[in-house]
Amino acid sequence: MQQVFKRPDALCDVNLHYCPGCTHGIVHRLVAEVLDELGIEGKAIGVAPVGCSVFAYDYWNCDMQQAAHGRAPAVATGIKRVRPDNVVFTYQGDGDLASIGTAETVHAAMRGENITIIFINNAIYGMTGGQMAPTTLPGQVTQTSPYGRDPKTQGYPIRMSEMLSKTDGAAYIERVSVDSVKNINSAKKAIKKAFQTQLDGKGFSMVEVLSTCPTNWGKSPKEALEWLRENMMPYYPLGVYTDKTAENKAE
Amino acid sequence: MAKVVFREERCKGCYLCMDVCPKKIIVVAEDRMNAKGFRPVEVLKMDECLGCAMCATMCPDCVIEVFK
Ligand SMILES: Cc1ncc(C[n+]2csc(CCOP(=O)(O)OP(=O)(O)O)c2C)c(N)n1
Ligand code: SF4
Ligand code: SF4
Ligand code: SF4
Ligand SMILES: [Mg+2]
């Protein structure tokens, strides 16, 4: 018998602190599998955010840096500019990337920074106990929207992939989901393509991953996946939002 | 012939693997808990395992290794 599935080498052999069934763990593994397959663990530098994935610096075997809340794209920019031969990526939640860090995110895309962003959209602030995020859906109950988010007073959920796809600097942006085996496999392909985009020097790449927060959604891990499918997917359609990798190549 | 191996002490009892297994052979180990206090999962009818690795793909905690 041959081993057909094993823990990727780029994933540290430690216990992840995430809640049972939290999909952060799936995305960590996918990133590690891609680092292994592209053979870039030795030259990758990751930037961890503030949020539930704050300890991500302990989870990948590559070099890691920790950024202040929302500033990961700015930190990644600095690292990439002084070490252009390294592969630099950030891993950020929706509160981190789409709220406090919106400016850093948008301007990194505008500048076409040759970095890769893995963006975990779970429609909530997980780490701090389930407050409303910019990505929280209309009607969604959170600690700070106890009657459900009302766009009239709390605004509309932000669609980052759509928004950033309109920036001239963005080379590759795709939204994926990790709610099923099929979608997990597609998510891995997207993550690999995003890293390849950077390796080819084509510019800013981001993969938005629809994820769950069973704990703060008040659901079982299985119910959370169903809720993601029924509620998040219609508002946040999966797909490639921009792919200029072919044209950038021609230049 | 195929088999799965669970690194039981890492299991968090989320049971997402049970749900995606096409053969529905993954069950809760009712007779024990791991050090974290979760009831891990196990496969009793290993001869039915396809080695498809759907369980391992879904596991957020990299508990499962698959051999074929
Ligand atoms: C400057 C600053 N402001 C606020 C906080 C509090 N804080 C910590 S994590 C977080 C939001 C995390 O949510 P998200 O980025 O969606 O990550 P998740 O935990 O959902 O994965 C906030 C507001 C902080 N740590 N630093
Ligand atoms: S609070 Fe939510 S996002 Fe954070 S580890 Fe738990 S389930 Fe995951
Ligand atoms: S998916 Fe992983 S952590 Fe969850 S019950 Fe199965 S083996 Fe345990
Ligand atoms: S490898 Fe496939 S058949 Fe075997 S336990 Fe896992 S999901 Fe079930
Ligand atoms: Mg979040």
Are there more than 12 heavy atoms of other residues, nucleotides or ligands under 6.0 Å from atom [atom1] of [X]?
X	atom1	value
K45(B)	NZ	no
K182(A)	NZ	no
M1(A)	CE	yes

Measure distances from K3(B) to the heavy atoms of chain A and classify the residue's part below 4.5 Å as side chain, backbone, both or neither. both

Which bit of Y15(B) comes within less than 4.5 Å of chain A, counting heavy atoms only: side chain, backbone, both or neither? neither

Donor-acceptor contacts under 3.5 Å from residues 48-68 of chain B side chains, at least two apart:
from: T57(B); atom 1: OG1; to: A53(B); atom 2: O; distance (Å): 2.7
from: D61(B); atom 1: OD1; to: K12(B); atom 2: NZ; distance (Å): 2.7
from: E65(B); atom 1: OE2; to: Q3(A); atom 2: NE2; distance (Å): 3.1

Where on [X] is there a heavy atom nearer than 4.5 Å to chain B: the side chain, the backbone, both, or neither?
X	value
I184(A)	side chain
V178(A)	backbone
S220(A)	neither
N185(A)	side chain

Non-hydrogen atoms of P20(A) and C14(B) that approach each other most closely: C-CB, 3.9 Å

Chain B contacts: which residues in residues 7-14 of chain A have a non-hydrogen atom closer than 4.5 Å to it?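 Near chain B, by residue number: R7(A), P8(A), L11(A), D13(A), V14(A).
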
Heavy-atom pairs under 4.5 Å with chain B: which of H24(A), R29(A), E33(A), K6(A) has the most?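 If we count pairs closer than 4.5 Å to chain B, R29(A) comes out on top.
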
